Number of protein chains: 2
Amino acid sequence: MTRVLVVDDEPQLLRALRINLRARDYEVDVAADGTTALRRAGSWHPDLVVLDLGLPDLEGIEVIHGLRGWTEIPIIVLSGRAGSHDKVEALEAGADDYVTKPFDIEELVARIRAVSRRTPATEPVASVRVGEHTIDLAAKTVSGGVHLTPTEWRLLDVLLRNPGKLVAQQQLLTTVWGPAYKSETHYLRQYMAQLRRKLEREPAHPRHLLTEPGMGYRYQP
Amino acid sequence: MTRVLVVDDEPQLLRALRINLRARDYEVDVAADGTTALRRAGSWHPDLVVLDLGLPDLEGIEVIHGLRGWTEIPIIVLSGRAGSHDKVEALEAGADDYVTKPFDIEELVARIRAVSRRTPATEPVASVRVGEHTIDLAAKTVSGGVHLTPTEWRLLDVLLRNPGKLVAQQQLLTTVWGPAYKSETHYLRQYMAQLRRKLEREPAHPRHLLTEPGMGYRYQP
DNA sequence: CGGCGGCGTATGGAATCCGTCAAGACGGGA
DNA sequence: TCCCGTCTTGACGGATTCCATACGCCGCCG
C-alpha cells in the first residue's frame, strides 16, 4: 500500500486529505511543520510527500532540500503563491509537481496518482535464503533450477514473509486455500512436504521449514 | 539528448517553446493536430510529449489514449480549461502533468525537467538476444528478417523489460490489451505461440519465452 | 501393550491450464 | 470495391497441477 506523508499547518486541509486518500487505499500520516515532517519522513519512509510551502517554522524550499539530501521520493508541493518564479524554484529544487491553492481535492488526488505511477512501489523483500537456495519472491525464482507450482508459491510466500514467527495452520489454510478450507489440514501436510523435498537438503530433517505440532509451521532463516 | 514533441495549433506558442527548449539542449519536433501527433510519436519516438488539448481534429483525451496504448513516455498537457474535472480526466487517462493556459514558459520548462527527471534514461534495454535473434526494442527491429506486429511488440516489450522475472498473466493482459481484458487468457496463449514461432528455434520446446502454468510467463535471457 | 491423534509420504484420478489449428471479423491501403 | 495483414473467437488434445484417499510412522496415554 502506498504511504503518503501530508505536511500542512491547516487542520482542515489535513483532515480532508486524510479522508480522501484513505478512501483510495493510501496509508496516510501527517505533519504540521517542517521539522516534524523531515523527522517523520526519516522514520516512517513514506512513498510520497505532499508538502505545503507555507509552514510556520521552515522555508518550504528548505524542506525540499532536506528531503532530497537523502531520498528520491516524489514531492508534490502545495502553495498559495502562484508566481512562476516560486514554481520554478520549487521544481528545480526537486519537487515533482506544484499545485496552487485553492485547489480541488480530486485534482490533488489525481496528481498524486499520476506522480506515483512513475515511481514503482519499492519492493521491500528482495531475496531470501533457505539453506542452499536463494529465493526471489517477486520474480518467483529459486536458485538451482528448482521450480515451484502456484500453490507452493502462495504457501512459501506467507511463511517467508513472517521469518522466525509461528504461522498458525488456520492462517495458512485461509490465506492459501481460502476460508472454506479452514480445517483441511491434510493440504498443509501435502504441500509442506513438497516444499521440503524441493528446498531442504534433508527433507526428513528440515532445518528451515519447521513444524510446530498442534499449532502450525515456522520459517527459520 | 532529450527529444520533445510539442503538439499545439498555435504557431506562436510552438515557436516560443521551440526556442526555449532548444536553448536548453532539447531536441524539438512539432505537430499541429492530433493525427500527425500520433503518427509523429510512432515514427520519431520522442522522450516526452507536450500536448495541447484544444486540437482541431481529435479530442485531446483521444490523443492521450492513443499514446498510452503503446508507450509510457511522459505527457504534459496544456489546456485552457481550468476545471478540476478536466484535470482529473486527463491525469487519469495517463497524463503526467496538467498546465493551465496562460502559463509562463519558464514554468513549463521547469515542469518538463521535473517530469523527465522521473523517467530514467529512456531505453535501459537497447538490444536483447533471444536465442538466434537480436532484438532492438527502441528501433522495433529483429535480426534475421523477422517481422512482429504491434501487439506482438507490446507483449514482447513487457517480457523483455523484466528479464528472468515472472510476469503475471493479469499484468500482461492489462498492460498489453487494457484493464478490461484482465481474464481473457486465450489472447496470451495465441500471441505467446506466435512469438515463439517467430523467435524460438524450437517453438515446441521454448528456451527463452517460458510458461509458468497457473501464473504467467517469463523471459529467460 | 494397544489405541489414538497428529504428522509425513505415496499415488491415482479429476480439474484446470496450456498449445495448436482453424476460421471469421475488422480495418487500412491499393 | 477488393485484398491483405492483423486481430478476435472458438474448439480440442495433451500436459501440468491440484485434489482426495489411503497408509505408515511416532509419541502419548490409558
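The shown structure was predicted, so the numbers you read here are calculated from the model rather than taken from an experiment. Numbered from 1 within each chain, the chains take letters A, B, ... in sequence-line order.
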Trainee: Can you find a pair of side-chain heavy atoms, one from A:I75 and one from A:R68, that are under 4.5 Å apart?
Mentor: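 The answer is yes; the side chains approach within 4.5 Å.
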Trainee: Would you mind classifying the nucleic acid contact of B:T185 as base, sugar-phosphate or nothing, using non-hydrogen atoms under 4.0 angstrom?
Mentor: nothing
Trainee: Please classify the nucleic acid contact of A:Q169 as base, sugar-phosphate, or nothing, using heavy-atom distances under 4.0 Å.
Mentor: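 Sugar-phosphate contact only - A:Q169 comes under 4.0 Å of backbone atoms but never of a base.
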Trainee: Please check if atom CZ in B:R129 has more than 12 non-hydrogen atoms from other residues, nucleotides or ligands closer than 6.0 Å.
Mentor: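 Yes, enclosed.
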Trainee: Are B:E212 and A:H147 close enough that a side-chain donor and a side-chain acceptor fall under 3.5 Å?
Mentor: yes
Trainee: Quick one: do B:E72 and B:R154 make a salt bridge, cutoff under 4.0 Å?
Mentor: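 Looking at B:R154 together with B:E72, the answer is no, because their closest N to O distance does not fall below 4.0 Å.
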Trainee: State, yes or no, whether a side-chain contact exists between B:D8 and B:L17 at a heavy-atom distance under 4.5 Å.
Mentor: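 B:D8 does not reach B:L17 side chain to side chain.
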Trainee: With a 4.0 Å cut-off on heavy atoms, is A:Y181 in touch with a base, just the backbone sugar-phosphate, or nothing at all?
Mentor: nothing
Trainee: Check whether any side-chain heavy atom of B:L156 lies under 4.5 Å from a side-chain heavy atom of B:K198, and answer yes or no.
Mentor: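 No, every pair of side-chain atoms sits at 4.5 Å or beyond.
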Trainee: Salt bridge between B:R81 and B:E89, side-chain N to carboxylate O under 4.0 Å?
Mentor: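 Judged by the 4.0 Å cut-off on N to carboxylate O distance, B:R81 and B:E89 do not form a salt bridge.
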Trainee: Shoot me the first and last contacting nucleotide of DNA chain C against chain A, ordered 5' to 3', at under 4.0 angstrom to non-hydrogen atoms.
Mentor: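 Taking any atom under 4.0 Å from a heavy atom of chain A, the span is C:dG6 to C:dT11.
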Trainee: Of all of residues 189-199 of chain A, which get a heavy atom below 4.0 angstrom from DNA chain C, listed by number?
Mentor: A:R189, A:Q190, A:A193, A:R196, A:R197
Trainee: Between A:T151 and B:P150, who's closer to the 5' end of DNA chain D by nearest nucleotide?
Mentor: B:P150
Trainee: How many angstroms lie between atom CZ of B:R3 and atom CG of B:D29, to the nearest 0.5 angstrom?
Mentor: 9.0 Å
Trainee: I need the full list of ring-ring contact (aromatic ring centres under 6.0 Å, His included) pairs touching residues 189-215 of chain B, with sequence neighbours left out, sorted by first then second residue.
Mentor: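 Residue pairs passing ring-ring contact (aromatic ring centres under 6.0 Å, His included), neighbours aside: B:W177-B:Y191.
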Trainee: Is the number of heavy atoms from other residues, nucleotides or ligands under 6.0 Å of A:R201 CZ greater than 12?
Mentor: no
Trainee: Counting Watson-Crick and G-U wobble pairs with both distances under 3.5 Å, what is the dot-bracket string for DNA chain C, 5' to 3', using [ ] for crossing pairs and | for pairs to another strand?
Mentor: ||||||||||||||||||||||||||||||
Trainee: Who pairs with B:R113 by side chain to side chain donor-acceptor pair (under 3.5 Å), at least two apart in sequence or on another chain?
Mentor: A:E92
Trainee: So that I can tick it off, tell me whether B:D104 and B:R111 are bridged by a salt bridge, with the cut-off set at under 4.0 angstrom between side-chain N and carboxylate O.
Mentor: no
Trainee: Which is the 5'-most and which the 3'-most nucleotide of DNA chain D that has an atom under 4.0 Å from a heavy atom of chain B?
Mentor: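 From 5' to 3', the first and last contacting nucleotides are D:dT6 to D:dT17.
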Trainee: So does B:K101 pair up with B:D52, basic N to acidic O under 4.0 Å?
Mentor: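 Result for this pair is yes, salt bridge flagged.
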Trainee: Contact class for B:H205 vs. all strands (heavy atom < 4.0 Å): base, sugar-phosphate, or nothing?
Mentor: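 No contact.
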